[in-house]
Amino acid sequence: MKLDFNTYRSKVRGCYLGKTIGGTLGAPFECYRGVYDVDGFMQDISEPVPNDDVDLQLVWLAAAEREGKNIDSHVLAEYWTTYVSAAFSEYGTGKNNFRMGILPPLSGHMRNENRNSNGAWIRTEIWACLCAGNPALAATYAYYDACVDHSGEGVYAAVFMAAVQAAAFFESDVHKLIAIGLSYIPAACGVRSAVELVLSCRRKGDTWKQARKKLLCTLPSSFGEMMGEWQGTAQVPASKKCPVQTKDPDIPKAEFGYDAPASIGIILIGWLWGEGDFGKSICLAVNCGEDTDCTAGTLGATLGIICGDGNIPACWTKACSEKIATCTLRTDELLHVPKDVTELCERIVRRTPVFLRGACTFSEGGGFEVAAERSLAYTPNAFRPYEQEDIMVLLSEQPATVRMHFRPLTVRVTYDAALAKVEEGVPKTLDVTLENRLYLPQYCTLRLLEVPEGWQVRGGTQRCAGLEHWHGGHNENRVRFEIVPGALTQARYTLILEISTNGRGERHYVPLTFLNGAC
């Protein structure tokens, strides 16, 4: 299967038009609980509406333009800390952790009450567009992205949506797309439970309102509890289409921040009961309440990928501004924010051949064709070193394993159950796994540097590890460091893991930060 350049560009533009339309439609109802009958914009939309769902992707665009395909969670965390001005919820927690030296995926997990919330799956479109037709690659980049400020369900939701949207460039059947998304997340997680519940409601013939209630009763979200039941606002007064709401006693109180499963479920309610109709679908997502700008925006983007920009009804495209207004970014000339959706999409399209590598075939006219993976669903044997990392392995390692990618090797450091926390006299283990990325065998020397006085490293601070090259076999080796912290007088300690290879001049460094106290 192949897409010609113009069709691909139309789908990218449809993606971000749908994102903007859905996000604008749902903006007035965000964080409120209610059941509405909205069938169009309810607020003044004469000016573009700022939306963090798009804002955050502009930071990733800058990273993609400057760093190319070799971006990972550490590169993204650097860009995040530099350019995201928002300091609330998971956004701020991820930045705060990273500034303390806590690396992803620990940065998205530690002391993060919102790790299971919505800040990551709302920004997957850029990975889907750059990895069109390759959901495995899109899911991997979505993981690198999400683990900066999320873990658990927040990461699973992002991986699910990225896979669905990347596959949507070649597949339009909603049930097939849902199955593809599910193939990239664990068998037991809240996101899968939400998806399966909504599918079950659809099969049983429930109404969308019945499905919404079952979803929120089974997997309650705290988003609608933030502002409470909708009573109308100065921007959008209560009316027949969005009446004053009363509390539903059947919906239990949610665990704070546990929002991603129900939100993914609401996206599917809009999609399934909307039966592929763009306007009906995004309105149903808003009519379910909760995180309305995000659910309608993500659904609008997904439908926009499927249909392309020319098939989004004009009543929606003409009513909503294409200009981009930001609200969560620190801008400068290096970030170079696009002025509108058209510029954003053209810049994404130009980067696609870099990310898709051999899946792009260039034509004499200057365009290219994009080819899909042979199988859009996850297949365990489809991943090989030097191509991309296996998303299921990445998910299984969170939140305890830090990965850093260097040219000749990948380093994985797995913390024990206490993660970055240390206590006086309590042994701490670090398992270091080295993956050879060269078609050459290597001997590596690992050294722990800057070990604090009073700390003991059992077996010494140096280890040797031999690596075979990958040739259909095994290219890993592992060593363990056991550290016993002592004489703890500081709040924060940073050790340096140095890796050097015999006969090569390169040295690679992994900072290892530990916190002493209530962390």
- [ ] Over all heavy atoms of both residues, which pair between Ser172 and Ile306 is shortest? Give the atoms and the distance, please.
- [x] CB-CG2, 3.7 Å
Task: Expected output: side-chain Glu78 to main-chain His74 donor-acceptor under 3.5 Å - done: no
TODO: Give a yes/no verdict on a cation-pi contact between Arg202 and Trp273, requiring under 6.0 Å between NZ or CZ and the six-membered ring centre and an angle within 45° of the axis.
DONE: yes
- [ ] Report the relative orientation of the aromatic rings in His405 and Tyr144; use parallel for angles under 30°, tilted for 30 to 60°, perpendicular for over 60°.
- [x] perpendicular
TODO: Take the angle between the ring planes of Trp316 and Phe41 and call it parallel below 30°, perpendicular above 60°, tilted in between.
DONE: perpendicular
TODO: Examine Tyr141 together with Phe355 and report whether their ring centres are nearer than 6.0 Å.
DONE: yes
Task: Minimum-distance pair of heavy atoms, taken over all atoms of Arg492 and Arg99 - done: NH2-O, 4.2 Å
TODO: Please determine which of Tyr83, Phe98, Trp80 meets the ring-ring contact (aromatic ring centres under 6.0 Å, His included) test together with Tyr91.
DONE: Trp80
Task: Set of residues satisfying side chain to side chain donor-acceptor pair (under 3.5 Å) with respect to Glu113, sequence neighbours excluded - done: none
Open item on the list: Tyr378 vs Asp390, test: side-chain hydrogen bond (donor to acceptor under 3.5 Å, both in side chains). Steps then yes/no.
Closed with: CA-CA 9 Å; Tyr378 173 83; Asp390 187 334; 3.1 Å; yes
- [ ] Report yes if some heavy atom in the side chain of Cys283 is under 4.5 Å from a heavy atom in the side chain of Leu25; otherwise report no.
- [x] yes
- [ ] For side-chain hydrogen bond (donor to acceptor under 3.5 Å, both in side chains), just list the numbers for Glu290 and Thr295, CA-CA rounded to whole Å, side-chain angles, deciding distance to a tenth of an Å, and then say yes or no.
- [x] CA-CA 9 Å; Glu290 309 298 312; Thr295 54; over 6 Å; no
Open item on the list: Check this for me: Glu47, atom CD, are more than 12 non-hydrogen atoms of other residues, nucleotides or ligands nearer than 6.0 Å?
Closed with: no
Task: Backbone of Asp55 reached by a side-chain donor or acceptor of Asp52 within 3.5 Å - done: no
Open item on the list: Taking the ring centre of each residue, are Phe160 and Trp121 less than 6.0 Å apart?
Closed with: no
